[in-house]
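Okay, so here's the structure we're looking at.
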Amino acid sequence: MKILVTGGAGFIGSHLCKFLIDQGNQVVCLDNFFSGQKRNIEPFLNNSNFELMEHDITVPFDVEVEQIYNLACPASPLYYQKNPVETVRTSVLGAINVLDLAKKLGGIKVLQASTSEVYGDPEIHPQTEEYNGNVNPIGPRACYDEGKRCAETLFFNYNREHNIPIKVVRIFNTYGPNMALDDGRVVSNFITQALRGNKLTVHGDGSHTRSFCYVSDMVEGIYKMMLSTDFTGPVNLGNPDEFTIKELAEKITAKLDGSISYDAVPAEDREGDPERRKPDISLAKNKLDWKPNIKLDDGLDKTINYFKEVI
Ligand code: NAD
Ligand code: UDP
């Protein structure tokens with residue numbers, strides 16, 4: 001199959017490109033390198049089954065493909081808050097452009113990489129797909145959260161109005177090799193800080209929680225969703241093992257000789273930062289026969305090895 005992966009030079013996108021090429025597909029990677037890295041796709045640049053389309057998804061485009069995975073959008077708060085209007089445009093115009101392309105190509109399958117951020121700072125725990133979320137529409141995270149919520153709206157409207165076979169996955173915190181060193185997300189930040197011998201910047205008292213999914217598990221879940229029939233989602237994909245940020249910092253320092261202490265950065269510096277997050281993945285288990293397999297300790301070891309190579 002010839003498959004379009006938007007955001008294919010990013011962290012998850014580059015793993016998805018590799019996975020799809022390894023399955024014998026032809027992959028077109030559309031990316032403008034806003035938060036992606038050439039390094040991530042370098043291994044495929046000479047592969048005849050890989051094509052790079054350097055393009056901004058907010059500008060309409062045309063390419064003959066049989067399936068679309070739409071991942072183009074910065075995912076780290078540091079990046080998506082750099083140019084908030086552009087973040088909204090990327091999610092909303094990007095969704096319209098891929099959906100129009102899917103329609104033009106006769107109604108091909110198109111998958112949207114949505115996010116646990118559609119739940120905002122959640123009042124229920126763990127989060128199920130039925131929960132409509134608690135998003136502040138004017139807060140600093142809204143450019144990402146509301147952009148992604150509107151993208152989901154567009155996907156479901158194209159499905160209802162034009163019968164486009166859509167797939168919506170809500171991705172929870174994912175980590176692994178190919179994250180950018182300066183990407184600002186907690187796993188990449190902590191590993192980079194620890195490897196450089198700096199203190200780990202734990203926000204507040206480190207009591208916020210996240211549930212971290214290793215990237216190979218995530219890619220498998222996304223792929224299984226694309227294969228599914230008669231199922232649009234939205235479906236949560238993530239690892240339900242929940243850790244405090246303090247526990248994560250302790251794990252990473254222990255793996256790097258435990259010689260590093262950490263600072264407390266005021267939590268107010270991260271307005272709207274969700275306090276707790278953990279996916280309920282019952283739907284993914286039932287509909288996709290999917291659950292993550294990689295434990296945080298094992299995933300961190302693989303990620304640390306990668307960061308040691310590229311730092
Ligand atoms: P990433 O920032 O590494 O990758 C995003 C890619 O999209 C980058 O290569 C970037 O250059 C590209 N991009 C951004 N704006 C673009 C534009 N206007 N035109 C073309 N390309 C553009 O992020 P990631 O972690 O790989 O996330 C991939 C997708 O998964 C995103 O849509 C993100 O919202 C979603 N997601 C990720 C996580 C996570 O924990 N990693 C969690 C929830 C949702
Ligand atoms: N965090 C932290 N130090 C950092 C980066 C993040 O303590 O250097 C915390 C942040 O406050 C949040 C959690 O780690 O509670 C996850 O943040 P991240 O930016 O990775 O992703 P989010 O889930 O907030 O989008």
Side-chain angles (χ1 to χ4, degrees), residues 5-17 29-38 40-41 53-59 61 69-81 83 86-87 89-91 93-95 97-98 111-118 121 141 144-145 147-148 151 169-176 178-180 183-193 198-213 215 218-219 222 236-238 243-246 248-249 262-277 279:
V5 179
T6 78
F11 158 50
I12 301 177
S14 55
H15 287 273
L16 181 62
C17 288
C29 160
L30 179 150
D31 208 296
N32 70 348
F33 295 97
F34 176 74
S35 55
Q37 314 182 85
K38 278 260 159 66
N40 290 347
I41 53 164
M53 192 175 168
E54 202 162 334
H55 185 80
D56 185 331
I57 198 171
T58 64
V59 179
F61 57 94
Y69 290 86
N70 185 34
L71 276 72
C73 184
S76 156
L78 182 73
Y79 273 86
Y80 68 64
Q81 290 172 7
N83 188 342
E86 203 48 40
T87 300
R89 285 167 52 81
T90 298
S91 275
L93 296 179
N97 289 336
V98 294
L111 179 144
Q112 168 66 0
S114 189
T115 168
S116 53
E117 284 281 325
V118 299
D121 193 2
R141 297 173 83 101
Y144 183 70
D145 301 7
K148 288 284 187 179
V169 294
R170 291 182 177 158
I171 299 173
F172 283 64
N173 295 68
T174 301
Y175 70 100
N178 292 8
M179 292 181 98
D183 141 315
R185 285 180 274 190
V186 68
V187 173
S188 42
N189 255 14
F190 283 1
I191 295 176
T192 305
Q193 289 165 345
N198 296 330
K199 291 181 174 180
L200 274 61
T201 51
V202 175
H203 297 156
D205 60 2
S207 61
H208 283 185
T209 72
R210 293 293 187 269
S211 310
F212 299 99
C213 185
V215 64
M218 181 56 60
V219 166
I222 292 172
N236 289 340
L237 294 180
F243 296 88
T244 65
I245 298 306
K246 185 166 177 273
L248 178 72
Y262 50 92
D263 279 338
V265 170
E268 308 81 68
D269 286 1
R270 297 257 309 190
E271 187 194 333
D273 196 348
E275 282 180 27
R276 296 186 74 188
R277 190 183 287 146

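Both ligands and their constituent atoms are indexed starting at 1 by order of listing.
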Numbering the atoms of ligand 1 from 1, which are under 4.0 Å from a heavy atom of D56? 17 (C), 18 (N), 19 (N)
Between N189 and ligand 2, which residue portion shows a heavy-atom distance shorter than 4.0 Å: side chain, backbone, both, or neither? side chain
Using a 4.0 Å cutoff against the non-hydrogen atoms of K148, which atoms of ligand 1 qualify? 31 (C), 32 (O), 33 (C), 34 (O)
Could you tell me the residue and atom name of the protein heavy atom closest to atom 1 (N) of ligand 2, and the distance to it rounded to 0.1 Å? H203 ND1, 3.3 Å
Out of curiosity, is R141 lining ligand 2, as in a heavy atom under 4.0 Å away? yes
Please verify the inter-ring angle class for Y80 with Y144; under 30° counts as parallel, over 60° as perpendicular, anything in between as tilted. parallel
Please confirm whether S35 comes within less than 3.5 Å of ligand 1 when only nitrogen or oxygen atoms on both sides are compared. yes
Proximity winner for atom 36 (N) of ligand 1, if only heavy atoms of F33, F11, Y144 are counted: Y144
Note: ligand 1 atoms sitting under 4.0 Å from heavy atoms of N173 are 40 (O)
With heavy atoms only and a cut-off of under 4.0 Å, state how L200 meets ligand 2: side chain, backbone, both or neither. neither
Side-chain donor or acceptor of T174 paired with backbone N/O of F172 under 3.5 Å: yes
Tell me which part of I245 gets within contact of ligand 2: side chain, backbone, both or neither, using heavy atoms under 4.0 Å. side chain
Can an N or O of T58 be found at a distance shorter than 3.5 Å from an N or O of ligand 1? no
